[in-house]
Amino acid sequence: MASAFILACVAILAVFVYRYFKNKRFNELLNKLPSPPGLPVLGHVSKFKKLEGLMDMITEYVDEYDGIVLLRPGPTIKYFAVADHRLVEYLCNSRKVVKSKRYRLFERWLGRGIFTFTTEYDQWKIHRNLITPAFHIQVLEQFVPTFNSVTDVFLEKLSENVNKTVDIFELVNLCALDIIAETALGVPLHAQTNSFSKYVNSLEELLRIIAVRSFSALKVHDWIFRLTNDYDKETEALKVLKGYTNSVIDAKQNTSRSNGATVNGIDKKRRLAVLDLLLEKKGVLTESELSNLVEGIMFAGHDTSGVAMAALFYLIALHPEVQDKAFEELRDIYGNDLEREVTYKDLQEMKYLEMVAKEALRLFPPAPIISKQLLEDYEFNGYIIPKGLNALVSIHSIHRREKYFPNPNKFDPERFSPENQSNITPFSYLPFGLGPRNCVGQKFAMLEMKAVVSKVLRKFKFLPVDDFKLTMIPQIVQKPKNGIFLKVVRRQY
Ligand code: HEM
């Protein structure tokens, strides 16, 4: 027994020594990067015990070290956090930088696809080119009726809770899920009226497991993860999610498109979904690639928009003057008509609401970090950032640096007024990422936010709840730890 233990220790030590010498140059360069003092071997492990406050901690460090800092959450993990606009530009635009391998944690779910491709530039380009027309302005315009009908269910939920406290995050997140299901798949999911559905629960569970893995020094390794309970739970959740998506795809493939006439790829006779447009390109993608692409859109377009809208409601509840100004803009558009549906043209007129949305996305970017990997050494500010290092573009941190946004913790939509917006330093504001891998759904998301929020604000007002304090945690998407509680009041005209 004792000899087996000694043998195991020697083997582990040998692996460490081998890796040390193999990575000698890499480690020497790492040691020169700015980094706060930490423990030998364990590094800054004590700072990474909980997700709560993690983004603020990273922000304080990048500020202290002028935009770049190396943190070591464990003996083998390195986080090179970046919040300098010049380096952000390089990381987002250079062909010598790819998305990091960390996105492989999504692979059991999303396979190799739009969201998870790293070095596979050519394949990614094919998928990106396929999907881009589905977010063309003519197609987005067709989604507006869905934004309206799904938001009507959300309004019913709010009506049931007038003068009460609600968890606005829970409600609006389900609304965002219904919107993405109906626009991406073309099939209503009814998550808002059936929030205990297997699909909703499985999605929650899957996202929880991926988030836990991304911060766990052990579970991040596939072979260790396979030994845990979470692996079985993930398998179950995947069966439900993939089963659902594939059944929708099969049903659509089997339905001949009756009035198949399309204009610029857009069917004028019925509401079209992203999936319909992808099915027109049949033959370019295999069945599993198609399924991965659709799952990728479902993932990327749900939680992100949900949390963005919830944060917006929270911020305007704390700032009644902003809420009133947004409402006045809506009155200019709709007068006292509470029932008129939102049109695409209306959405173009909501200039102030757009400023509010942009500021909410600055303070609470739903994707707080994007993870990149350098394929070549890069010299920056006198440091050599070694090839192979994972660089975390800390969107949350750069948005909260005094240098780029004076008085950064203040909620001030005027930063995005036409006159002020041009003063924002390029590459210091990037809620949707920047460069070729930026968010393909950003126009969709902005229209969706304005459509949902405007419909809600025409009928209701939000007030803060005294004893509620918002705590965000970075679970892939930056989310409220304990919901967002607000009081709902019906507007008096
Ligand atoms: C407020 C809402 C949203 C935010 C803040 C957001 C943010 C982002 C960010 C930061 C990225 C870049 C990730 C990276 O570089 O690693 C991204 C990528 C992506 N987003 Fe969004 N997103 C939002 C909504 C949406 C919606 C509604 C859709 C689809 C309907 C969508 C689809 C995608 C896809 C497919 C990618 C991958 C693009 C690629 O790699 O080529 N997103 N998003």
Side-chain angles (χ1 to χ4, degrees), residues 77 79 91-92 94-132 134-135 180 184-185 202-203 205-216 219-223 225-226 230-231 234-235 237-239 241-242 244-246 249 274-275 278 281 284-304 366-375 388-393 395 432-442 474-478:
I77 315 178
Y79 283 174
L91 293 172
C92 289
S94 171
R95 283 286 298 273
K96 291 168 187 156
V97 177
V98 292
K99 272 180 89 161
S100 101
K101 289 192 194 108
R102 284 274 155 145
Y103 291 95
R104 298 257 148 96
L105 293 177
F106 288 88
E107 260 187 34
R108 282 189 83 206
W109 179 22
L110 308 180
R112 288 277 168 95
I114 183 94
F115 202 77
T116 47
F117 284 138
T118 58
T119 46
E120 308 95 328
Y121 180 83
D122 294 339
Q123 280 159 281
W124 164 75
K125 195 76 193 144
I126 293 173
H127 285 220
R128 179 85 185 200
N129 286 344
L130 272 177
I131 200 185
T132 300
F135 293 94
I180 198 68
L185 299 172
S202 304
L203 188 59
E205 185 67 347
L206 187 65
L207 292 173
R208 180 195 65 78
I209 293 169
I210 296 175
V212 166
R213 284 192 74 191
S214 70
F215 285 99
S216 158
K219 285 187 185 171
V220 75
H221 301 288
D222 282 345
W223 65 274
F225 176 56
R226 272 197 209 104
D230 272 352
Y231 180 81
E234 189 180 86
T235 308
L238 285 172
K239 261 191 221 155
L241 298 186
K242 285 191 164 280
Y244 180 79
T245 316
N246 289 335
I249 295 176
V274 173
L275 176 58
L278 293 175
K281 310 272 164 46
V284 183
L285 296 176
T286 64
E287 301 258 313
S288 69
E289 280 174 335
L290 177 65
S291 150
N292 293 341
L293 189 49
V294 175
E295 293 279 8
I297 296 168
M298 288 286 287
F299 158 67
H302 145 236
D303 255 1
T304 44
I369 279 177
I370 46 183
S371 188
K372 305 278 186 182
Q373 195 185 345
L374 283 86
L375 298 178
L389 183 64
N390 272 346
L392 306 181
V393 176
I395 299 178
F432 295 105
L434 287 168
R437 292 303 290 263
N438 72 352
C439 175
V440 74
Q442 59 183 293
Q475 282 202 328
I476 313 291
V477 169
Q478 176 158 238

Point to revise | Intermediate values then yes/no, side-chain contact (heavy atoms from CB on, under 4.5 Å), Leu374 and Lys96 | key: CA-CA 6 Å; Leu374 283 86; Lys96 291 168 187 156; over 6 Å; no

Practice item. Go through the steps to decide whether Met298 and Leu185 satisfy the test side-chain contact (heavy atoms from CB on, under 4.5 Å), and finish with yes or no. Key: CA-CA 9 Å; Met298 288 286 287; Leu185 299 172; 4.1 Å; yes

Check your understanding: Stepwise, does the side-chain contact (heavy atoms from CB on, under 4.5 Å) test hold for Leu375 with Arg95?
Key -> CA-CA 9 Å; Leu375 298 178; Arg95 283 286 298 273; over 6 Å; no

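If you run side chain to side chain contact (heavy atoms under 4.5 Å, CB included) between Leu275 and each of Ile297, Ile249, Thr245, only Ile249 comes through.
Counted by atom type alone, Ser371 and Asn390 present zero donor-acceptor pairs between their side chains at under 3.5 Å.
Contact check for Arg108 versus Thr235: side-chain heavy atoms found under the 4.5 Å cut-off. Side-chain atoms of Lys372 and Val393, non-hydrogen and from C-beta on, do get closer than 4.5 Å to each other. Side-chain atoms of Leu203 and Trp109, non-hydrogen and from C-beta on, do get closer than 4.5 Å to each other. Residues Arg128 and Phe117 form no side-chain contact, since every pair of their non-hydrogen atoms from C-beta on lies 4.5 Å or further apart. Between Tyr244 and Ser202 the shortest side-chain heavy-atom distance does not fall below 4.5 Å. Side chains of Ile114 and Val440 form no contact here, defined as non-hydrogen atoms less than 4.5 Å apart. Side-chain contact between Asp230 and Lys219 is present, with at least one heavy-atom pair separated by less than 4.5 Å.
Figure legend: Lys99 and Phe115 shown as a cation-pi pair, the cationic atom lying under 6.0 angstrom from the six-membered ring centre and within 45 degrees of its axis.
Taking the side-chain contact (heavy atoms from CB on, under 4.5 Å) definition, one finds that Arg226 meets it with Asp222, Tyr231, sequence neighbours left out.
When all heavy atoms are compared, the tightest approach of Ala367 to Ile395 is O-CD1, 3.4 Å. The nearest pair of heavy atoms linking Ala237 to Leu206 is CB-CB, 4.4 Å. Across all their heavy atoms, Ile476 and Ser214 have their closest contact at CD1-OG, 4.0 Å.
Within the 3.5 Å criterion, the main-chain N or O of Val98 finds no donor-acceptor partner in the side chain of Tyr121.
Ring-plane geometry between Phe106 and Tyr103 is classed as parallel, the angle between the planes falling under 30 degrees on a 0 to 90 degree scale with a further cut at 60.
Between atom CD of residue Gln478 and atom CD1 of residue Ile369 there is a gap of 9.0 Å, rounded to the nearest 0.5 Å. The OG1 atom of Thr304 sits 11.5 Å away from the CD atom of Gln442 when rounded to the nearest 0.5 Å. To the nearest 0.5 Å, atom OG of residue Ser291 and atom NZ of residue Lys242 are 4.0 Å apart. Once rounded to the nearest 0.5 Å, the distance linking SG of Cys92 with CD1 of Ile370 reads 4.5 Å. With rounding to the nearest 0.5 Å, the separation of CD in Glu295 from CG in Leu290 is 10.5 Å. In this structure, OG1 in Thr116 is found 7.0 Å from CG in Asn292, a value given to the nearest 0.5 Å.
Ion pair Glu120/Arg104 flagged as a salt bridge, since at least one NZ, NE, NH1 or NH2 atom sits closer than 4.0 Å to an Asp/Glu carboxylate oxygen.
Other residues, nucleotides and ligands contribute only 12 or fewer heavy atoms inside 6.0 Å of the CD atom of Glu287.
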